[in-house]
Amino acid sequence: MKLAIEQANLCVPVSSGYSVGAVLVQEAHSNPNSDLPQEDRFRVVTTGYSRELPGNTHAEECCLMKLASLEEEVKEEEKDIGVKAGEGSGAGTGVGTSNQKKEWIMYTTMEPCSKRLSGNRPCADLLIESGVRRVYVGIREPDHFVKKVVGVEKMAEKGVEVIHIQGFEKECLAPNRH
């Protein structure tokens, strides 16, 4: 969550949107009884923040767009060296292998949106479709732009585990003081 907050602080504030940060993580070793230290069990795959990429993008959306770009790079590398999918350079990375998506975890400073006034796809829908299995949220989305935000409920209905991390509320709201 601290890395997601750092990402949120990179946002250029605008009056028409929140400044949110997100981090997509992969659990490389899912055995909870593992002796591996936590930093070796998880790896950051991508980071993102609101409006980082063109197209009025949200933080979670940026993470997923960067992931798609990474997957394309892996496919191109495998194609260039003549490696079959699932072998060689892409194997075990989780990038480019759909069976690894269930191990993805998103940390986001604010609840993923359930409705976009811009007409873009809501982040809750994008996360559900991407196969992210767990989302850690710093704060619920305030109802300043959209009344009755239901991103958390929407993801939970589709089997995504959503966990509110207590104690980061002030830090998650700080980039939005404008």
Side-chain angles (χ1 to χ4, degrees), residues 1-11 17-32 38-39 41-53 56-71 93-95 97-118 120-176:
M1 186 57 70
K2 288 181 181 180
L3 181 54
I5 292 167
E6 288 176 22
Q7 292 295 302
N9 285 313
L10 295 174
C11 295
Y18 294 114
S19 295
V20 177
V23 179
L24 183 65
V25 174
Q26 182 181 33
E27 187 171 9
H29 301 281
S30 59
N31 180 354
Q38 186 163 333
E39 60 270 13
R41 285 187 50 213
F42 300 91
R43 69 178 184 93
V44 172
V45 179
T46 60
T47 60
Y49 58 90
S50 302
R51 299 168 298 283
E52 176 184 9
L53 300 175
N56 190 29
T57 53
H58 285 191
E60 303 90 345
E61 182 180 23
C62 289
C63 284
L64 295 174
M65 290 170 74
K66 290 177 182 179
L67 178 65
S69 178
L70 287 173
E71 289 177 328
T93 65
V95 176
T97 56
S98 62
N99 64 342
Q100 291 293 322
K101 288 184 181 180
K102 65 181 185 241
E103 303 303 326
W104 292 347
I105 300 165
M106 179 71 71
Y107 288 82
T108 181
T109 58
M110 188 177 291
E111 170 182 17
C113 64
S114 58
K115 181 178 182 180
R116 300 278 294 266
L117 299 178
S118 66
N120 291 346
R121 304 251 345 269
C123 292
D125 293 348
L126 295 173
L127 290 168
I128 291 164
E129 292 169 12
S130 74
V132 168
R133 71 177 174 124
R134 185 179 304 141
V135 177
Y136 289 95
V137 175
I139 57 171
R140 295 291 303 252
E141 181 178 338
D143 66 357
H144 182 73
F145 297 112
V146 174
K147 303 297 180 204
K148 194 172 180 185
V149 179
V150 293
V152 165
E153 292 80 7
K154 190 183 250 192
M155 291 184 297
E157 284 175 10
K158 296 295 183 177
V160 177
E161 184 180 6
V162 181
I163 300 165
H164 175 225
I165 299 179
Q166 301 288 325
F168 289 97
E169 292 82 4
K170 286 182 183 177
E171 291 170 270
C172 291
L173 283 171
N176 297 288

*Quick one: do Lys154 and Ile128 satisfy side chain to side chain contact (heavy atoms under 4.5 Å, CB included)? Show the steps, please.*
CA-CA 9 Å; Lys154 190 183 250 192; Ile128 291 164; 4.1 Å; yes
*Run the numbers on Glu6 and Tyr49 for side chain to side chain contact (heavy atoms under 4.5 Å, CB included), then give the verdict.*
CA-CA 9 Å; Glu6 288 176 22; Tyr49 58 90; over 6 Å; no
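A donor-acceptor pair is defined here as one N or O able to donate and one able to accept, closer than 3.5 Å; no such pair exists between the side chain of Asp143 and the backbone of Lys148. Put simply, the side chain of His164 gets close to the backbone of Gly138: a donor and an acceptor are under 3.5 Å apart. Lys66 places a side-chain N or O within donor-acceptor distance of the main-chain N or O of Thr47, the cut-off being under 3.5 Å. Arg116 places no side-chain N or O within donor-acceptor distance of the main-chain N or O of Pro122, the cut-off being under 3.5 Å. A distance-only check finds a donor-acceptor pair linking the side chain of Thr109 to the backbone of Gly21 [under 3.5 Å].
Using a 4.5 Å cut-off on side-chain heavy atoms (C-beta onward), Val160 and Leu127 make no contact. Looking at heavy atoms from C-beta onward, Val137 lies in side-chain contact with Pro112 at the 4.5 angstrom threshold. Counting heavy atoms from C-beta on, the side chains of Cys172 and Met1 come closer than 4.5 Å. No side-chain heavy atom of Met106 sits less than 4.5 Å from a side-chain heavy atom of Val23. Considering only heavy atoms from C-beta on, Val149 stays 4.5 Å or farther from Cys113 through its side chain. Inter-residue side-chain proximity for Tyr136 and Ile105 is flagged as met; some heavy-atom pair is nearer than 4.5 Å.
Here CD of Glu103 is found 6.0 Å from CD of Glu27. Values are rounded to the nearest 0.5 Å. Put simply, CD on Glu61 and OG on Ser130 are 12.0 Å apart, with the number rounded to the nearest 0.5 Å. With rounding to the nearest 0.5 angstrom, the OG atom of Ser114 is 8.0 Å from the CD atom of Glu153. Between the OG atom in Ser19 and the CD1 atom in Ile5 there is a gap of 13.0 Å [rounded to 0.5 Å]. Rounded to the nearest 0.5 Å, atoms CG (Asn56) and CZ (Arg51) are 7.5 Å apart. One finds the CG atom of Leu64 at 8.0 Å from the CH2 atom of Trp104 (value rounded to the nearest 0.5 Å).
The stretch residues 161-176 participates, sequence neighbours left out, in these salt bridge (charged side-chain N to carboxylate O under 4.0 Å, His left out) pairs: Arg134-Glu161. Listed by first then second residue, pairs satisfying salt bridge (charged side-chain N to carboxylate O under 4.0 Å, His left out) with a partner in residues 104-115 read Glu111-Arg140, not counting sequence neighbours.
The heavy-atom pair separating Val25 from Val45 by the smallest distance is C-CG2, 4.2 Å. Between Gly48 and Gln7, the shortest heavy-atom distance links the atoms O-CB, 3.4 Å.
Between Phe145 and Tyr18, the angle of the ring planes goes over 60°, which puts this pair in the perpendicular group of the 30/60° scheme.
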